[in-house]
Each structure stands twice: as C-alpha cells, then as structure tokens.
Protein chains: 2
Amino acid sequence: MRSAKERLVIIGGDAAGMSAASQARRLKGPDELEIVAFERGHFTSYSACGIPYWVGGDVPSRDELIARTPEEHRERDIDLRMRTEVEEIDVEGGRVRTRDLESGSEAWTSYDKLVIGTGARPIRPALPGIDAPGVHGVQTLDDGQALLDTLARTPGRRAVVIGAGYIGVEMAEALIQRRYEVTVVNRGTEPMSTLDPDMGRLVHDAMSGMGIEMVNGAEVTKILTGDDGRVRAVATEDAEYPADVVVLGIGVRPETELAGAAGLPLGKHGGLLTDLAMRVRGHENIWAGGDCVEVLDLVSGRERHIALGTHANKHGQVIGSNVGGSYATFPGVVGTAVSKVCDLEIARTGLREKEARAAGLQYATVTIESTSRAGYYPGAAVMTVKMLAERLTGRLLGVQIVGREGAAKRVDIAAVALTARMTVDQMTALDLGYAPPFSPVWDPVLVAARKAVAAVRSTR
Amino acid sequence: MRSAKERLVIIGGDAAGMSAASQARRLKGPDELEIVAFERGHFTSYSACGIPYWVGGDVPSRDELIARTPEEHRERDIDLRMRTEVEEIDVEGGRVRTRDLESGSEAWTSYDKLVIGTGARPIRPALPGIDAPGVHGVQTLDDGQALLDTLARTPGRRAVVIGAGYIGVEMAEALIQRRYEVTVVNRGTEPMSTLDPDMGRLVHDAMSGMGIEMVNGAEVTKILTGDDGRVRAVATEDAEYPADVVVLGIGVRPETELAGAAGLPLGKHGGLLTDLAMRVRGHENIWAGGDCVEVLDLVSGRERHIALGTHANKHGQVIGSNVGGSYATFPGVVGTAVSKVCDLEIARTGLREKEARAAGLQYATVTIESTSRAGYYPGAAVMTVKMLAERLTGRLLGVQIVGREGAAKRVDIAAVALTARMTVDQMTALDLGYAPPFSPVWDPVLVAARKAVAAVRSTR
C-alpha cells in the first residue's frame, strides 16, 4: 500500500526544476510532499544568461549569478542531491536510476510525480581540434570559470568567436571589454539570424564600428593547434584567423537523451512535448519545463525550441503550481528576445520574414527610423523598427528593433500586442507613455504601426 | 451654388489642428480642398511638453521645440493666418468671425468643414498678487521665454513652484538644474495626485532627497509683493515661502469658451464631446481634437480630460483622415502618463484607487519592489510597481511605477494589456524581453501580476 505522503522527483537543479520544487513546496509542506532533486553539476538555480557579463567583468563574481544555493534549497525541505546524474527513467515502474558522480554508486529512486528539467546542451560541431585547450563553450558556470582561467593564463590578445547569435554577440562584447582583438566567424549572411538579414546588417555594421572583425557566410572547417597542442587559429575554407582563445557560441539543443530513451514524446526540434499545464503529453504524472521542452509559438501556431531563462522560470512556476495541487498554465510564447553588444540594443518578437513564409502567411513589411526620446531631448538615439503584418487582416506578426539606449525593451509593446492578436490598426491608437525624455510624441512602435496600416491596405 | 472645391477651416495652429491640416492635405490636393488655419499666437506645431527642458537648459533653444513653422505649413498649401483670433463660430451659417490681433480688423470666413483645436488654458487661481511680475505660467513658448527672461534678470535664487502635478515636478527639476533653491507648494497630501498617495509618497521622499523643499497639504492664499511690485513670497495659511520667482504648475482646463458659446456640446470636465471619429457630437461637419476635447477612458468607460501632446497628434491624424475622405478612429485612452524629476521616473496607466472606486469597481491592489535589470547587473535600479486588478474577474485596472532608469516606459506593457482587457492571470504568461542588462528574469510588471493573481483570488 502506498503511503499518503507523495514523492516528487526532480531531474535537473536549475531554473525550471528548482522553481517547480520551490513553488510545490510553497503549496505543500514536507508532511504531504517529499521533494527529491538530482543535479549532476556543482551549482543550482543560476543565471546562465549572466555568464557573458561575468566573463566581461561587469559582474564581479560567479556567486552573484547564483540565485539560490543548494543549502538554501535544503533549508526549504528540498532533498537536493548534487553531483548525481539520472541515467534512466523507468516510466512503467515510476522510478529513476541515479549515479553518484563522486562515488560512482548507483541507486533507484521511486517517484509519484516526476519533473524533467534537464536543460539544453551547446552545439559542439565535430571539427578537428575542437577539444584543444583554449577552445571554450559558455553554457555552464564551470565553462565560464574555465574560460576566465584561460584568459588569465594566456598572454595573447586575439579571440575568435564562432557563431553570431545571442551568445556569440554577447561573448564578443565580453572579450572587447577584456581588451581582446575579436573576430566573429559566422555561417549566416549576417549576424543575429534571429533577425531578418536587413536588420542583421545593422548589427553587422555596428559591430564592425566597434572594431570587431565580422566574417559572415563562413563555415569553420577546423581548429588549428600549435606545437604545444593549444589552439592557434580558426580555419574556414577561405582563410585562417589567428586565435589565442576560441569561444563557441553556436547555440544549444534540448538535452533530452534521457527522456527519449524512456519513450517520452519528443518534437521535431528534439524537445519534450507538453500540454498547456507543462505535463508531458500522454503522461499523467510527468512534467517538463525549461530548455528541454518545445513551446507553442502563439503567432505561427507551431512548436519551437527557445532556450531562455525567463521561460524556464515560468515553466517551473506553472509545474510547481500543478504538482502542488493548484492549477496554472503556460499558453506559449511569441518569440521575444532582447540582447546587446556594447551600446547596441537588439530586439525581436513574433515572426521574422522567413518564419512568416514558413507559416504560409501573406505579409507586408515596413521599416522606419525614429528616436528613443523627443528629437530635441539630449540623448535621443536613432532606432530602426521593422514590422511585419498580415495582409488582408492587418494582424501584427512581428517586430524587430535595432538601436541604442531605450530601443530593446520597446519590443515589449509588440509582445503584448501579439499576445492579444492586435491588428496594426489597433496599435496606432495605443496609449503609450509620452514625455520628451522618454519618447517622441509618436512612439517609434506607433510610427511603424502607422506605416504598416498603409502597407497592409495596399494591393501591391 | 456651392463650388466643388471645399474649404476646411481650422481653429488653432498647434498639434491637433495642424496635424489634421497636414493629414487632410496628404489626402486631398489644393484643387480639391482649401485649408485655412487661424492661430492667435506667434507659433505653430510646437512641443509644449518640452518647455520644462528648455527652461532647465537641456534643450538649448526655443526653435528646437517647433516641429513645423508657419512657413513650412504654407509650403504645403495651408493658408495659415497667424496672430488671428477666432471670436465667434456661427454654426448655423457655417462661418467663423476672426480678429487680426495686429490690425484689429474683423472678418467672416465661411467653411464647409471645421476643425476645433483650441487647446487648454492653465488654471490661474484668482489670488492676490497672481499677476505680479515674477509669477509665471509655462503653457506656451511665450510663457517659457518670459520665465527665462525673468530668471536671467533676477539675481535671487529662490523659486516657489505652486502645484505638484506633471508640470510642477518637471518645473522643479528645471529650476534645480538652474541651481535655484526650490520649494514646491502643493494642495494634495502628496505630490503627483495622478498617483495614489502611497506612490506619491515615494515621489515626495525622492524629491526631498534632491534638496527640493516639499510643502504638501497647503493651500496658497496669496502672492506677496515687495516695494517694487515684484513677487517676494508665497503665503499659505500657515507660512510664507520667500520667492524670487514663482511658477504656476496647477494644471489646465479645456479652452472651450468659443465652442460653448456656439452651442457645441461640452462634457462635465468642460471639454468638447466627440464621437469615435473625433466628430463633434451632433455636428456633421465639425471635428475637434487635442487638449480641448474629452476622451473616453477605455478602462472606466467614462469621459476624461487629458491634455497631452501624444493624444493631440493622434486626434489630428484621425481628423485629417476623416476630413480628407478616408476613415480613422480614436477609440479612447487608458490614461497613460510618464514623467521624471531629475533621475526619478514616474509612470501610471489605467485607474488609480480613487478612480476605481468612483467607477464602482471592486478591486485588489498589490505593491512590489524589483529592479530594472538583473539584480547582479551594473546599474540595476530599484523600482516600485503598484497594480490594481478587479476582484472576481481578475481584469487589470491600473499600474503605477516609481523608480529610476528603466522604470517609466515599462508602463507601456500595462497600457497595451489594458487596451486588450487582459486579466492579471494572462499577464503572468507575457513573453517580455529578458536579458540581464534589460530585466530580471521576471520582469517587475510580471512580479506584480503574479502577486495580483493571488490577491484577486483571495476572498479577504
């Protein structure tokens, strides 16, 4: 006979898993619910998004990136087992097999409810030389520390960043701040492939203006090493780029080998598939959240994989509520992302052109330039806003913004409008905050919306 | 017989009137539509909202506040008559009587279509001494110039600002920047009566911290003058505040004497009443917009008077489209306003408690503190967010924010959510821009929404 006290097992001690644990604990005390969490690494609940700023020196210490230590979780009656890897999920038997990474010992732990928060792993292409000393990923705190150690030890000042997505551009900034000569080698035609190429071009120009060497449309073929075995250059088909240190910023994939092996449903991006309550589809007592799941894109109606701490935290909150006997949902995302390279701010939400085409949508695009403040107010900075809207209906489909101070967070206006399925016509009447230090009399997003109204009405 | 060419007459050459003129001209050329605009002052299309920053020195010259000069309007085939006051609207006869303020000559001009954009006038209480030299309003560019002339001429460094609304606090900042000792005398219990008093208290404390003497709950009884007839102090029932210069920042009323005398419909705030297309109610061929009209508050369903350049521009755009034969609407406002005093940012949207009570709504309030960026990121600044939500339905009713850099424009998230009539529950899932330089992993608005969800569910 099963005891009245349930056991919740959590795989992965970062944002999704530990938010779920904390929220479940808020709703159910230790006499009702036992919570056991397994984490294979050395840290819990940390901000991976903060690693570039720690490497760049804006954040002085690793500890500042840790929202909650293992001890703090344990104080809340969460039985946290660090350096313990889950090697198998026995869905039928309702148990997981773990290995203590220090002692090597194995054990089975049964669960009534299971939460999977195994995160994502960086894409690490199988290139010659990829494992040479001096080549670094930046996914975990351990990775960040290893890179900082290399930077401290290596006298050379030439850095090559492979990849020009969020991680790539943020790491370029970090290395610039560390006074490296930085080259970014990027497969795409422009950096930031989450933007349309015309907007990516603005990022390219701005980064070049910062003294960063931008190499686009270039596939890395190998990492060259010196006599000491350390990295000495990055080679593409056409050229070699000398490097004292190489940073991989190519992106991540859902870490779902364990879940896949257990027969849990994976989507075409390799992420776990869940319902609105973050329950794994077809499994009454298993939830999943964070970087290991796919999420519904509310604009296209398709599943996407987006590795972002803010989603992981929301997933954890929703899972914890549901596991704890309340009810909460995560309806999906609209694809909002913001980033910066030095003083350049970059933002997007909704669909870019490629995504709109893939979703079979007929759309119009407009691009406008405006300023972050009234043009006459000191510090007014130019920003470019690109807007996509559906032809015939006028529904907003997406917004991309590139600018300086005050540019990125304006994308939130569009994020809310997308969630509400507003038309660009409706957007022109939005009552946005206006005062000369904060906005022109027509906010840049409204200027774009006005132009989009005309564009969607046009039959050309 | 009436000719095929219509005449549009516009009363008032600022934001609403001239935006309407420009938009109508875009849609109809001078062979189809004659546009005659009357302006009693010396300037057209200027940013009154920018005056405090010109007085404070952030904006070096008056000309920068002028978006379009009379000459620029005339180049677009708008027959602009400056220094010409409209003294009567003959609605029945479809004509207006004007007086040339230079020559004194009078004339009648007939119209097919009429646009009223007469703006607002500052409230100027009938206090003894109110007309003394050294007492200044700041509604027009002429007012601003007069104040600057006084500041340049007067050796004393003591300034009293009467009123602590937007104009009052912005003028306090301007005078601080001019190195005056500033006292703000305010009738309300706290500054910024557009906020709830608990949020106004934060503004009070911050302004005191900037060295501004804050006198709240004090009614000014008279302006005291010296032997030279100039202002020397401001008196309340309890005290006298020495003043070398006095600035009136008490607010404005719709300038609708002319419209009222013509029998056009006025609301209870004294503003013209229009329909969704900004047409004056009951009048086929008369439109009105800007500071002289009342607008529908989409949250409370009641009419309000809000003098704000961003609304005036939108009204003008809508009127010009409709006058020009297209169709556009201004559905209403949600009451968004942003402002700053030195580095303190202040924002509100929707209803404050008093307004929610007046609208007969049952509501819950929550107040949270968070930061503008990830807590570990340099420059993360504390902000306080207060949120009102309707009990039982959970509908968002209003948000107030007081903080430093990055605080004010976050109110736009709530402004869009209010327009879409979102619940606080829906808001918790909003996909807002997250990266450490821009936001904590839970944006402060989301933190407030989460807490509001719990509050509206509570039966207490």
Side-chain angles (χ1 to χ4, degrees), chain A residues 15 47 49-50 53 58-59 64-65 166 170 298 308-311 313-314 317 329-340 345 347 349 374-378 406 408-413 415-420 422 426 428-439 441-443 450, chain B residues 15 47 49-50 53 58-59 64-65 166 170 298 308-311 313-314 317 329-340 345 347 349 374-378 406 408-413 415-420 422 426 428-439 441-443 450:
Chain A
S47 170
C49 327
Y53 309 102
D58 278 330
V59 176
E64 300 203 35
L65 301 182
Y166 290 104
E170 287 167 2
L298 297 169
L308 205 53
T310 187
H311 298 328
N313 274 277
K314 284 181 186 139
Q317 179 78 13
T329 62
F330 182 84
V333 303
V334 293
T336 311
V338 296
S339 188
K340 79 179 190 73
E345 299 189 2
T349 190
Y376 56 77
Y377 194 88
K409 276 295 262 180
R410 269 190 164 79
V411 84
D412 286 347
I413 298 164
V416 186
L418 282 167
T419 306
M422 280 189 184
Q426 289 171 317
T428 60
L430 284 174
D431 186 1
L432 304 179
Y434 163 63
F438 300 110
S439 175
V441 72
W442 289 95
D443 190 279
R450 277 173 64 185
Chain B
S47 170
C49 327
Y53 309 103
D58 278 330
V59 176
E64 299 204 34
L65 300 183
Y166 290 105
E170 287 168 2
L298 297 169
L308 205 53
T310 187
H311 298 329
N313 274 278
K314 283 180 188 143
Q317 178 79 12
T329 62
F330 182 83
V333 304
V334 295
T336 311
V338 296
S339 189
K340 78 178 190 72
E345 299 190 1
T349 190
Y376 56 78
Y377 194 86
K409 277 294 265 180
R410 268 189 165 81
V411 84
D412 286 347
I413 299 163
V416 186
L418 282 167
T419 305
M422 280 189 183
Q426 289 171 318
T428 59
L430 284 173
D431 185 1
L432 304 180
Y434 163 63
F438 300 109
S439 174
V441 73
W442 290 94
D443 190 278
R450 278 172 63 184

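All figures in this text were calculated on a predicted structure; none of them were measured in a lab. Order of the sequence lines fixes the chain letters, A, B, ..., with proteins taken first and strands second; residue numbering starts at 1 for each chain.
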> Picking from A:Val333, A:Val334, A:Asn313, A:Val59, which has the most non-hydrogen pairs under 4.5 angstrom with chain B?
Replying inline: A:Asn313
> Checking heavy atoms, do the side chain of A:Ala374, its backbone, both or neither come under 4.5 Å from chain B?
Replying inline: neither
> Do you know the tightest heavy-atom contact between B:Tyr376 and A:Ser47?
Replying inline: OH-OG, 2.6 Å
> When heavy-atom pairs shorter than 4.5 Å are enumerated against chain A, which of B:Ala415, B:Ala15, B:Cys49, B:Ala435 gives the highest number?
Replying inline: B:Cys49
>> Between B:Tyr53 and chain A, with a heavy-atom cut-off of 4.5 Å, which part of the residue counts as in contact: side chain, backbone, both or neither?
In response: side chain
>> With heavy-atom distances below 4.5 Å as the criterion, would you say the side chains of B:Tyr377 and A:Asp58 are in contact?
In response: yes
>> For chain B, which candidate among A:Arg410, A:Glu170, A:Arg450 shows the most heavy-atom pairs at distances under 4.5 Å?
In response: A:Arg450
>> Tell me whether A:Lys409 contacts the main-chain N or O of A:Val338 through its side chain, where contact means a donor paired with an acceptor under 3.5 Å.
In response: no
> Which bit of B:Ala337 comes within less than 4.5 Å of chain A, counting heavy atoms only: side chain, backbone, both or neither?
Replying inline: neither
>> Quick one, B:Tyr434 with B:Asp443, criterion side-chain contact (heavy atoms from CB on, under 4.5 Å). Give me CA distance, side-chain angles, the key distance, then yes/no.
In response: CA-CA 8 Å; B:Tyr434 163 63; B:Asp443 190 278; over 6 Å; no
>> With chain A as the partner, which of B:Val411, B:Leu65, B:Thr329 has the greatest number of non-hydrogen pairs under 4.5 Å?
In response: B:Leu65
>> Under a 4.5 Å cutoff for heavy-atom pairs, which residue among B:Gln426, B:Glu64, B:Lys314, B:His311 has the most contacts with chain A?
In response: B:Lys314
> Most heavy-atom pairs under 4.5 angstrom with chain A, which of B:Gly332, B:Ala420, B:Pro378?
Replying inline: B:Pro378
>> Less than 4.5 Å apart, side chain to side chain, heavy atoms only: is that true for A:Val416 and A:Met422?
In response: no
> What option among B:Ile413, B:Thr428, B:Leu298 has the most heavy-atom pairs under 4.5 Å with chain A?
Replying inline: B:Ile413
> Is the shortest heavy-atom distance from the side chain of A:Thr310 to the side chain of B:Leu432 under 4.5 Å?
Replying inline: no
> Which bit of A:Ala347 comes within less than 4.5 Å of chain B, counting heavy atoms only: side chain, backbone, both or neither?
Replying inline: neither
>> So which residue, A:Thr419, A:Leu418, A:Leu430, ends up with the most heavy-atom pairs under 4.5 Å with chain B?
In response: A:Leu430
